[in-house]
Amino acid sequence: MTSSTVQRTSGADETLYRPGRWLALAVLALAVLLVAVDATVLGLATPFLSEDLKPTGSQLLWIGDVYSFVIAGLLVSIGSLADRIGRKKLLLTGAVAFGAVSVLNAYATTPEMMILARALLGVAGATLMPSTMALICSIFHDPRERSLAIGIWGAMYSAGAAVGPVVGGFLLEHFWWGSVFLINLPVMAVLVLVGIKLLPESKNPVAGPWDLMSVALSLIGTVGVVYAIKEAASRGVSWECGAAAFIGAAGLYGFVRRQLTLPSPLLDMRLFRHRGFSGAVLADLLTILGLSGLVFFLSQFLQLVQGRSPLESGIAELPAAIGAVATGLVAGRFARRFSVRSVVAGGLALMGVSLAVLTVIGSSTEFSLLGAALLGVGVGGGFSCTVTADVILSSVPREQAGSASAVSETAYELGAALGIGLLGSIVTGVYRDFATPAEVPADVASAAHESLGGAVEAAAVLPAHQRAELVGAAQEAFVEGLRLAMGVGAAVLLATAVAAWFLLRGQKLTDGTVNGPRPRMRC
């Protein structure tokens with residue numbers, strides 16, 4: 001072999017295998033950890049937050065899902081912005097903002113202030129996830145290494161989901177509920193300080209200008225449609241829902257039409273012609289929709305119905321995260337050995353069956369049943385979500401990685417918002433209809449019907465026998481609503497498994513690239 005050949009080979013290896021890439025991945029994993037921990041500790045802190053801030057049932061749902069509303073409306077625009085100004089720059093800027101707004105969340109004093117703080121956190125959060133996914137695409141050029149990196153990325157999200165409740169449970173037992181948001185600060189500091197040194201900058205050199213009209217249409221369209229669905233599910237169809245749906249649909253229509261005419265669109269709509277890309281995005285959206293009710297209400301069930309401490313509740317939720325971490329690391333290998341559709345559809349079906357098992361839960365349900373069901377949810381999610389992320393990144397040109405990642409994350413956040421809105425409204429609707437025991441004062445009964453946390457607090461002023469009757473009736477109504485929501489979630493996931501089987505037909509990860517129709521350039 002000649003010296004020039006050796007030099008060419010060495011240069012190719014350096015391009016394919018960037019030095020320090022695994023350390024850079026560790027930094028990106030911190031950003032994922034930041035978002036995952038924040039998402040999980042909110043559910044754990046909800047009973048304490050309800051007692052302190054005294055939100056209505058509707059306000060409590062807004063506290064839970066306004067973050068997802070805002071982030072879903074901004075992700076595509078922010079992902080496209082990252083492609084233009086630089087993914088590293090936007091990631092580090094967003095991390096600083098995320099930490100700063102976390103302080104505002106921690107010290108919120110009213111429900112309205114908390115809703116605003118969560119909305120601002122959504123703006124900051126919109127800069128994190130697409131940037132991490134796009135940077136993985138820029139750092140890892142070898143397809144098999146990229147699949148492993150995506151698996152680690154997903155595993156870190158699951159690990160954050162596991163660490164969040166445990167750490168949050170410890171904090172809630174020793175400090176006030178706002179402390180669960182302050183744990184973001186040290187993670188953010190490490191991310192920024194280390195990321196400045198280790199992360200490479202990447203962006204689309206020919207992205208064109210950032211179209212503000214498209215940004216506005218995307219935000220109006222997404223928030224309008226999600227708001228209409230949420231309000232229709234919780235309050236019934238009204239002229240307000242109809243107006244929001246019309247404005248949202250018009251905004252999305254205008255956004256799509258504008259993208260098809262712009263020379264440098266925020267989102268290349270032609271990506272959706274790729275069946276694997278579209279199928280993976282749809283699978284992500286419906287997966288999170290089916291699971292979000294479980295995530296949001298499980299902590300309340302464990303604490304307010306089963307009487308577990310916050311720390312015990314966090315530990316009880318560990319099986320799901322453990323299953324997701326374990327399978328996320330090997331999902332790419334399974335998809336290459338078998339097929340994309342078998343791994344994704346199988347994972348979705350396992351999650352659906354596991355949620356179906358939870359339709360029989362009650363106040364006396366043993367942890368063995370709950371833990372087995374949560375483990376099934378985690379194993380299925382680790383397989384399906386990791387492979388769909390790989391399909392999405394592998395289906396697009398590298399310079400569009402930010403936009404494609406944003407589409408993937410938008411599906412997650414939109415699914416979360418719809419899930420909390422729809423499934424949460426099922427729980428709330430069933431709960432509010434419970435019969436108040438006789439002789440309970442009207443003001444106590446009114447407070448008890450707002451939320452389960454409100455019922456527990458309101459009942460404290462009653463005599464012992466009335467308190468037990470009121471709390472027992474409220475708990476039974478909450479569990480009945482939760483069982484119904486789990487059934488709906490199971491049906492959604494099983495239907496999604498069937499859809500994924502057909503939409504992902506012929507998609508295979510052999511050498512890390514997706515076979516079948518795709519754009520000429522690959523990630």
Could you measure the distance from the CD1 atom of Ile361 to the CD atom of Gln306? Nearest 0.5 Å is fine. 7.5 Å
Which residues share a side-chain hydrogen bond (donor to acceptor under 3.5 Å, both in side chains) with Ser342, sequence neighbours left out: Ser339
Is the shortest heavy-atom distance from the side chain of Leu493 to the side chain of Leu286 under 4.5 Å? no
Checking Phe301 now: which residues fulfil ring pair (Phe, Tyr, Trp, His ring centres under 6.0 Å) with it, not counting sequence neighbours? none
Using a 4.5 Å cut-off on heavy atoms from C-beta on, say whether the side chain of Val343 contacts that of Ser384. no
Can you tell me if Arg341 uses its side chain to pair, donor with acceptor, with the backbone of Trp501 under 3.5 Å? yes
Under 3.5 Å, sequence neighbours excluded: what are the donor-acceptor pairs made by side chains of residues 364-371?
from	atom 1	to	atom 2	distance (Å)
Thr365	OG1	Gly362	N	2.6
Thr365	OG1	Gly362	O	3.0

For residues 345-360, please give each side-chain donor-acceptor pair under 3.5 Å, one per line with the distance, not counting sequence neighbours.
from	atom 1	to	atom 2	distance (Å)
Ser354	OG	Leu350	O	2.8
Thr359	OG1	Ala356	O	2.5

Taking the side chain as every heavy atom from C-beta outward, state whether Thr287 and Cys385 have any atom pair closer than 4.5 Å. yes
I'd like to know whether CZ of Arg483 has more than 12 heavy-atom contacts from other residues, nucleotides or ligands below 6.0 angstrom. yes
Are Phe478 and Val305 packed together at the side-chain level, in the sense that at least one heavy-atom pair is separated by less than 4.5 angstrom? yes
With sequence neighbours left out, the residues meeting ring pair (Phe, Tyr, Trp, His ring centres under 6.0 Å) with Phe255 are none
Do you know which two heavy atoms are closest between Ala335 and Val387, and how far apart they sit? CB-CG2, 4.0 Å
May I ask you to decide if Asn105's main-chain N or O and Arg118's side chain share a donor-acceptor pair within less than 3.5 Å? no
Distance in Å, Leu375 CG paired with Ile322 CD1, rounded so as to fall on 0.5 Å steps: 8.0 Å
Roughly how far, to the nearest 0.5 Å, is CG of Leu282 from OG1 of Thr388? 11.0 Å
Between the OH atom in Tyr431 and the CD atom in Glu476, the distance rounded to the nearest 0.5 Å is 12.5 Å
Would you please test Ser102 and Leu182 for side chain to side chain contact (heavy atoms under 4.5 Å, CB included) and show each step? CA-CA 6 Å; Ser102 294; Leu182 298 182; 5.8 Å; no
With sequence neighbours excluded, what pairs up with Ser278 under the side-chain contact (heavy atoms from CB on, under 4.5 Å) test? Phe272
